[in-house]
Amino acid sequence: MKKGDHLFLVDGSAYIFRAYHALPPLTRKSDGLPVGAVSGFCNMLWKLVEESRDTNVGAVPTHFAVIFDYSSTTFRNELYSEYKANREEPPEDLRPQFGLIRDAVRAFDLPCIEKEGYEADDLIATYATQAVAAGGDVTIVSSDKDLMQLVGPRVILYDQMKDKRLGPDEVKEKFGVYPEKMIDLQALVGDTSDNVPGIPGIGPKTAAQLLEEYGTLEELLERATEIKQNKRRENLIEFAAQARLSKKLVTLDCETPLDTELDDLYIHEPDGEKLVAFLKAMEFTTLTRRVAATLDTDASEVESAKLEIEDAPRGPDLDAAKNPASPGDSVFPATPQRLAAKLKDDAAGQAIDRSAYVTIRDIDTLNRWLDRARDRGVMAFDTETSELSAYKGHLVGVSMAITPGEAAYVPLGHVAADADLLTDPDSAEALGGQIPMDEALVALKDVLEDKSILKIGQNVKYDLLVMLQHGIAMTPIDDTMLISYALDASSGLAGHGMDELSERFLGHKPISYKELCGSGRSAKPIAAVEIDRVTEYASEDADVTLRIWQVLKPRLAAEGLAHVYERLERPLAPVLARMEQRGIMVDRQILSRLSGNFAQKQAALEDEIAKMAGEEFNPGSPKQLGEILFGKLGLPGGKKTKSGQWSTDARVLEDLAAEGHELPRRVVDWRQLTKLKGTYTDTLPHHMDENGRIHTSFSMASTTTGRLSSSEPNLQNIPVRTEEGRAIRTAFVAPKGKKLLSADYSQIELRILAHIADIPQLKDAFQNGVDIHAMTASEMFNVPVEGMEPSVRRRAKAINFGIIYGISAFGLANQLAIPREEAGQYIKRYFERFPGIRDYMDKTKAFAKKHGYVETLFGRRAHYPDITAKNPQIRSFNERAAINAPIQGTAADIIRRAMVRMEGALADANLSAMMLLQVHDELVFEVEEDEIDETIEVVTNIMEAAASPRVILSVPLEVEAKAALNWEEAH
DNA sequence: CGCTCCTAACC
DNA sequence: AGGTTAGGAGCGA
């Protein structure tokens, strides 16, 4: 080797893994031999050979070698036994390909270098050092950061897949230090994948900054006491030895004894026939053709090479979930519980490697992946959209995972980061290409609607809605969020978001949306984030979803919750997606008129309030209001809030008003108007689409009891109580020719209580259509129902509701504004008249304490682990919640069942009514005027029969339904 | 800018 | 008193 020569060193081992992960492992030869990695490897190598023949591109190699790791143990293991200890065995379908890849290199007529006890990196370091000493230049084909330390004026690193060349300046840009200091930087940072310890709490940024300041690792460690940050200083001192060890581990050996001399790497023209023979044997038709053309070889004249395979190939491995415990495993005999436990352990043990994820930029690759999904019959699927709202968001890309770790992202709607395509034409180029949206959707539709392929999502309603906007109706589906919710709905910290599930069940923290896109002012749309980063984020989401599914799905059957999931959760997702997509029509003019009206009254009240207070202040500030009322004006203050402030809630102000104080009365009125205006009349128009419709988002997994919730906007708390509030409901309308139909269950929770607690008087009353609160009052206070005072009935009503809420004397006293002793008396009498109620409460509490959860009539569980808390406040709270949950939850289950059946029933009756909203015990539909009567009939029947046949209630369910031009009149 | 507190709308 | 979501004030980084 001499001056002007150029050595190419290919990091073969890294190449293999990248090739393996870049291609769907399904790639097999006709005899079933897996050859995906070989194929990828040959393609990359050929591309490199072709490129280096092209004098226009850059360096032309005079010397060339492909270098492999020989074995996993090296001299580094003697220094540190844990080195690379957590490396996983290579996948089984990759193992037989290692030998073939070395054959491939020989077929290319390139030196194939490896040496026992040394890593490929050490050999690369040695050759590179020698080449530079001889005056040559070096290109190392790899993207491994461990090789950065070799970069110098004459040595560059070439990342072929990203087509990037790294010299000293690029290393500095990427890591903040020049290559000379890379070793020190790595020693500080460590490397989790290789088990190089480094120093805790120091990442690449901090390390670069410290090296900038102190020069070298040694200097830094010696002067560690000067560091200001407490934790950082302590760690540098405590883990100094660890950093020195790390340095030895990451330092490459430039003096590896070589079996092949540098000069023997001299390049020569590949032997066309030999290479073509090999490629033909591997059945790489496209590559064979290309190589034959370039090397001027007639492929038809060449016979396939004979190959020796060192390790037997095997068929496609099965999902852990499909291939449960077998004899010999510790989980045998395979109870569902043991299976679930094993799956969890397995999942937690599998590392997640984001660098293995693939970006799919052409239709052929996409089709290969989709074929993989067809082969497996299962895929995890996720969509990325321009906004967080599924209805408004535009598709930016989709990701999928076929098996754990085998995941890819398909960018579809990305834009150049800094978006000025005119002045910066390269930025469009830098995107690297995307499959045209329509073309990709056609391919995706076939799989997403294929009944034989299960699509697993996390919060799949979101993806259903996004795809629905593109005319794709995904089916069948599974949803990890809903599975988790069915298994673990609880009031505590446990949420069902993907990041939480991943940390809980996989022990892995995925990239958060915030990390990807930033937040607040610096947030950028996901479509403008670099595709490589989105690939990691989105593929990881699909990958993690698939892994979570493998852990959680078997638990459903194991824990007896399959019915809840399959009948109450999963089938509701598409129903809700369609409801959200339809939206409800709102009359903008009505809202705007109301806003104006409210504003006038509000202003008038503000004037009065200021006059009465003697000064201007913000009545919207409880703090300021408290100071005025209880400080300046010296009114008697009642309640205090948690933080010790005077309470100024409506109750307190109304009590003051009742004593003749005008100011609090005005503030109550002002507050109401402000609320109606700020939350409804001013805000709802912002949520309207171009057709005047509002699309809420229903959350299926945010309550403990099984109720839905609604947000953005919340359409489950549209005012109804006061006249002014009800006016807002008149703005919810039906389009011309249609009406809104509202159907609501009458007293459903009390009916369920009557059934569950088995209270004869309550059951009779419901069976005979008697006024339930009047009946209760009559029993409690020994007065006839006829001619009963309204206040007596009101008290009984409050008690009935209190019972459902897990009554306490404190709460009832508050509600009725009576002394606690009196409330206690009421409760006592109630229990005497309806002893079954007390039984129910005691039994429910005992059950919850024993099991940690309670159940609805349909088997849905709500968990209350804190019900055994020492703190009586916390314990009592959990007891009340546990008493309420079966009642509220059963009602929620019943309306869910009605909703799941509703669309089919309407279709069977040839009715075009569309279900739009659910408000806990009410369903709202949009109905053609000439179909109203029939629709009421169907809707009422479905709702009233919704508990059957699973649960036969001993009280009838009654539904009131009415249609009108707007929601206020229909209700 | 993001969090907590307070209040209030619904069933 | 059970289950929610939302908006404004106020506070601290």
Side-chain angles (χ1 to χ4, degrees), chain A residues 489 491 514 518-523 617-626 639-653 667-668 670-684 687 696-699 701-722 724-726 728-729 744-750 753 798-816 823 827 844 854 862 864 876-889 891-892 895 917-922 971:
Chain A
S491 57
K514 241 189 197 172
S519 66
R521 192 178 292 272
S522 60
F617 74 102
N618 181 355
S621 161
K623 192 167 173 277
Q624 293 179 36
L625 179 63
K639 290 189 290 184
K640 292 270 185 84
T641 66
K642 268 193 218 114
S643 59
Q645 264 193 53
W646 288 112
S647 171
T648 65
D649 65 21
R651 195 55 179 272
V652 169
L653 298 184
V667 174
V668 169
W670 181 89
R671 283 231 188 109
Q672 197 205 0
L673 287 168
T674 308
K675 175 74 176 181
L676 296 179
K677 184 168 180 289
T679 309
Y680 303 103
T681 59
D682 285 353
T683 312
L684 286 173
H687 290 283
T696 185
S697 172
F698 288 105
S699 167
S702 59
T703 71
T704 324
T705 54
R707 273 193 180 177
L708 302 180
S709 74
S710 155
S711 62
E712 289 179 285
N714 182 354
L715 294 186
Q716 290 181 324
N717 72 343
I718 302 302
V720 72
R721 234 180 47 247
T722 65
E724 275 163 325
R726 271 199 301 278
I728 293 167
R729 288 203 172 211
D744 68 300
Y745 284 107
S746 159
Q747 309 280 17
I748 186 167
E749 294 191 354
L750 269 180
L753 174 72
I799 299 170
N800 276 334
F801 275 100
I803 295 294
I804 291 171
Y805 297 155
I807 203 152
S808 73
F810 180 85
L812 184 64
N814 237 345
Q815 180 66 31
L816 291 176
I827 294 169
T844 306
V854 290
Y864 295 98
S876 306
F877 178 81
N878 278 274
E879 286 173 355
R880 291 193 294 273
I883 287 164
N884 172 256
I887 301 166
Q888 191 185 114
I895 197 165
L917 298 179
Q918 188 251 44
V919 193
H920 310 308
D921 64 358
E922 174 188 10
H971 189 70

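Below, chain A is the first sequence line, B the second, and so on; all start at residue 1.
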Would you indicate what A:Phe877 reaches in the nucleic acid, counting non-hydrogen atoms under 4.0 angstrom: base, sugar-phosphate, or nothing?
sugar-phosphate

A correct 5'-to-3' footprint of nucleotides 4-11 of chain B, with B, S and - meaning base, sugar-phosphate only and no protein heavy atom under 4.0 Å, is -SSSBBSB

Which part of the nucleic acid, if any, lies within contact of A:Ile807, taking any heavy atom under 4.0 Å across all strands shown: a base, the sugar-phosphate backbone alone, or nothing?
base

By the 4.0 Å heavy-atom rule, please label A:Ser699 as base, sugar-phosphate, or nothing.
nothing

According to side-chain contact (heavy atoms from CB on, under 4.5 Å), who are the partners of A:Asn800, at least two apart in sequence or on a separate chain?
A:Leu750, A:His773, A:Thr776, A:Tyr830

Give A:Ala798 one of three labels, base, sugar-phosphate or nothing, depending on what nucleic acid heavy atoms sit under 4.0 Å from its own.
base

Could you list the residues that satisfy salt bridge (Lys or Arg N to Asp or Glu O under 4.0 Å) with A:Arg726, not counting sequence neighbours?
A:Glu968

Counterpart residues, side-chain contact (heavy atoms from CB on, under 4.5 Å), relative to A:Asp744 (two or more places apart):
A:Asp921, A:Glu922, A:Glu960

Counterpart residues, side-chain contact (heavy atoms from CB on, under 4.5 Å), relative to A:Lys642 (two or more places apart):
none

Contacts of A:Lys677 meeting salt bridge (Lys or Arg N to Asp or Glu O under 4.0 Å) (sequence neighbours excluded), chain-then-number -> A:Asp682

Does A:Glu712 have any salt bridge (Lys or Arg N to Asp or Glu O under 4.0 Å) partners at least two apart in sequence or in another chain, and if so, which?
none

Spell out, as yes or no, whether a donor-acceptor pair under 3.5 Å connects the side chain of A:Thr696 to the backbone of A:Ser711.
yes

Checking all strands, does A:Gly802 fall into the base, sugar-phosphate, or nothing category for heavy-atom contacts under 4.0 angstrom?
base

Suppose we screen for salt bridge (Lys or Arg N to Asp or Glu O under 4.0 Å). Which residues come up paired with A:Lys639, at least two apart in sequence or across chains?
A:Asp649

For chain A, the stretch of DNA chain C it reaches, first to last nucleotide, under 4.0 Å of its heavy atoms:
C:dA1 to C:dC11

